[in-house]
Amino acid sequence: MLINVKESTLLIIDIQERLFPAIEGHTTLAEHSAWLMQIAQRVGVPVLITEQYSKGLGPTIASLRDGMADEVIIEKLHFSAARDGELFKRPGGERKQFVVSGIETHICVLQTVLDLLARGNQVFVVDEAVGSRRASDKALGLARMQQAGARIVSREMVAFEWMEQAGTELFRSISREFIR
């Protein structure tokens with residue numbers, strides 16, 4: 001099954017100021033998440049961002065939050081972004097496919113993915129755009145999500161499936177700016 005530009009939403013989970021520095025490879029994770037966000041915006045895929053208890057963990061890091069409308073930021077207390085249903089009321093929340101980025105892989109990302117799968121959604125977790133404080137927790141989280149039916153993908157897989165074909169102006173501009 002391919003990731004479809006008209007059926008998918010990019011979901012960025014809890015990349016917040018206070019926890020972010022403790023995540024292994026956090027700088028690269030932020031760059032990859034921002035890359036995905038820019039491609040999503042270019043091809044017209046909705047972006048939703050969650051924040052876990054922002055009073056304690058702070059807001060989403062500025063490189064991801066700046067310029068985003070308030071309606072795409074979802075405050076949550078449940079570890080799963082899909083638990084209370086607010087996610088599905090936001091623009092893009094009604095789509096059947098979710099491309100997932102965020103932290104921590106083995107907690108909030110895992111629980112969100114498992115709830116999305118239980119609802120019948122198709123879920124694609126971007127390996128290089130999720131992270132945990134420990135590599136072993138990330139690996140276990142990814143393995144469990146894959147066992148449950150999530151697809152583990154790379155960010156280029158996502159971009160090329162969203163673009164669908166070469167030879168278009170969209171493909172040329174994204175290739176020039178983002179594909180290295």
Side-chain angles (χ1 to χ4, degrees), residues 8-37 40 45-65 68 70-155 158:
S8 62
T9 293
L10 176 62
L11 177 59
I12 299 174
I13 299 173
D14 305 348
I15 304 180
Q16 294 167 252
E17 289 177 354
R18 293 200 185 110
L19 181 57
F20 177 67
I23 301 301
E24 187 174 309
H26 64 278
T27 303
T28 303
L29 182 146
E31 290 168 1
H32 291 166
S33 295
W35 187 94
L36 282 164
M37 179 185 285
V45 168
V47 177
L48 293 172
I49 299 172
T50 67
E51 294 180 346
Q52 176 71 33
Y53 185 64
S54 60
K55 288 180 189 172
L57 296 176
T60 299
I61 60 172
S63 63
L64 298 175
R65 187 180 178 109
M68 298 303 289
D70 288 341
E71 70 181 359
V72 306
I73 310 290
I74 303 166
E75 172 77 22
K76 66 186 185 67
L77 292 175
H78 288 100
F79 297 121
S80 169
R83 185 59 51 98
D84 68 6
E86 186 60 31
L87 171 69
F88 310 110
K89 298 174 187 173
R90 303 299 177 101
E94 76 288 350
R95 293 188 171 200
K96 77 177 188 178
Q97 295 182 335
F98 286 89
V99 175
V100 178
S101 162
I103 61 177
E104 281 193 79
T105 309
H106 66 296
I107 303 171
C108 293
V109 174
L110 170 70
Q111 291 187 33
T112 300
V113 167
L114 294 177
D115 278 348
L116 289 170
L117 290 168
R119 288 183 83 247
N121 292 100
Q122 298 167 359
V123 183
F124 304 86
V125 180
V126 184
D127 177 66
E128 68 259 76
V130 295
S132 293
R133 287 165 286 144
R134 289 177 295 280
S136 60
D137 284 329
K138 176 181 174 177
L140 287 169
L142 286 171
R144 187 164 170 206
M145 288 183 269
Q146 190 169 35
Q147 290 166 353
R151 276 50 174 206
I152 310 304
V153 297
S154 72
R155 61 196 175 109
V158 175

Item checked: From Asn121 atom CG to Glu94 atom CD, the distance as rounded to the nearest 0.5 Å -> 10.5 Å

Margin query: Is it the case that the side chain of Arg65 and the backbone of Ser63 share a donor-acceptor pair, with hydrogens and angles ignored and the cut-off at 3.5 Å?
Written below: no

Checklist line | Passing option when Leu11 is tested against Val109, Leu87, Val99 for side-chain contact (heavy atoms from CB on, under 4.5 Å) | finding: Leu87

Notebook entry, point to check: Under 4.5 Å between any side-chain heavy atoms of His32 and Ser101, yes or no?
Noted result: no

Checklist line | By side chain to side chain contact (heavy atoms under 4.5 Å, CB included) - contacts of Arg90 (at least two apart) | finding: Leu48, Ile74, Glu86

Notebook entry, point to check: Hey, what do you get for NZ (Lys76) to CD1 (Ile73), rounding to the nearest 0.5 Å?
Noted result: 13.0 Å

Check: So, for Ser8 and Arg95, which heavy atoms are closest and what is the spacing to 0.1 Å?
Finding: O-NH1, 2.8 Å

Note to self: With a 3.5 Å distance limit and no angle check, can you tell me whether Gln52 reaches the backbone of Leu77 through a side-chain donor-acceptor pair?
What the structure shows: yes

Notebook entry, point to check: Between Thr105 (side chain) and Gly131 (backbone), is there a donor-acceptor pair under 3.5 Å?
Noted result: yes

Notebook entry, point to check: What heavy-atom pair brings Thr50 and Gln16 nearest, and what distance separates the two atoms?
Noted result: O-OE1, 4.4 Å

Check: So which heavy atom on Gly141 is nearest to which on Leu110, and how close?
Finding: O-CD1, 4.0 Å

Next item on the list: Evaluate the side-chain contact (heavy atoms from CB on, under 4.5 Å) criterion for residues His26 and Ile103: first the C-alpha distance (whole Å), next the side-chain angles of each, then the deciding distance (0.1 Å), finally the verdict.
Entry: CA-CA 9 Å; His26 64 278; Ile103 61 177; over 6 Å; no

Notebook entry, point to check: So, the side chain of Gln97 versus the backbone of Phe124: is there a donor-acceptor pair under 3.5 Å, distance only?
Noted result: no

Note to self: To check you understand the geometry: which heavy-atom pair defines the closest contact between Arg134 and Asp137, and what is its length?
What the structure shows: NH2-OD2, 2.9 Å

Check: Would you say Phe88 has more than 12 foreign heavy atoms packed within less than 6.0 Å of its CZ?
Finding: yes

Margin query: Test your reading of the model: is there a side-chain donor-acceptor pair from Glu75 to the backbone of Ser54, 3.5 Å cut-off?
Written below: yes

Checklist line | Gap separating the CZ atom of Phe98 from the CG atom of Leu116, nearest 0.5 angstrom | finding: 5.5 Å

Checklist line | Student check: side-chain heavy atoms of Arg133 and Ile23 closer than 4.5 Å | finding: yes

Checklist line | Check against side-chain contact (heavy atoms from CB on, under 4.5 Å), His106 and Leu140 | finding: CA-CA 7 Å; His106 66 296; Leu140 287 169; 5.7 Å; no

Check: Quick one: does Ser132's side chain get under 4.5 Å of Glu24's, heavy atoms only?
Finding: no

Notebook entry, point to check: Can you name the closest pair of heavy atoms from Gly93 and Thr9 and give their distance?
Noted result: N-OG1, 4.5 Å

Checklist line | Distance-minimising heavy-atom pair for Thr27 and Phe20 | finding: N-CZ, 4.3 Å

Item checked: Main-chain N/O of Thr60 paired with Glu51 side-chain donor or acceptor, under 3.5 Å -> yes

Check: Should Thr28 and Glu128 be marked as a side-chain contact (heavy atoms from CB on, under 4.5 Å) after you check the CA-CA gap, both sets of side-chain angles, and the distance that decides it?
Finding: CA-CA 8 Å; Thr28 303; Glu128 68 259 76; 6.0 Å; no

Checklist line | Pairwise side-chain contact, Leu19 with Asp14, heavy-atom cut-off 4.5 Å (strictly under) | finding: no

Margin query: Do Met145 and Leu117 make a side-chain contact, defined as non-hydrogen atoms from C-beta onward lying under 4.5 Å apart?
Written below: no

Margin query: For the backbone of Asp127 and the side chain of Lys138, can you confirm whether one donor and one acceptor N or O come within less than 3.5 Å of each other?
Written below: yes

Note to self: Exactly one of Leu36, Ile12, Ile152 should register a side-chain contact (heavy atoms from CB on, under 4.5 Å) with Val126. Which one does?
What the structure shows: Leu36

Next item on the list: Calculate, to the nearest 0.5 Å, the distance between atoms CD1 and SG belonging to Ile15 and Cys108 respectively.
Entry: 11.5 Å

Margin query: Could you work out, with side chain to side chain contact (heavy atoms under 4.5 Å, CB included) as the rule, every residue matching Ser80, not counting sequence neighbours?
Written below: Ala82, Arg83, Gln111, Thr112, Asp115

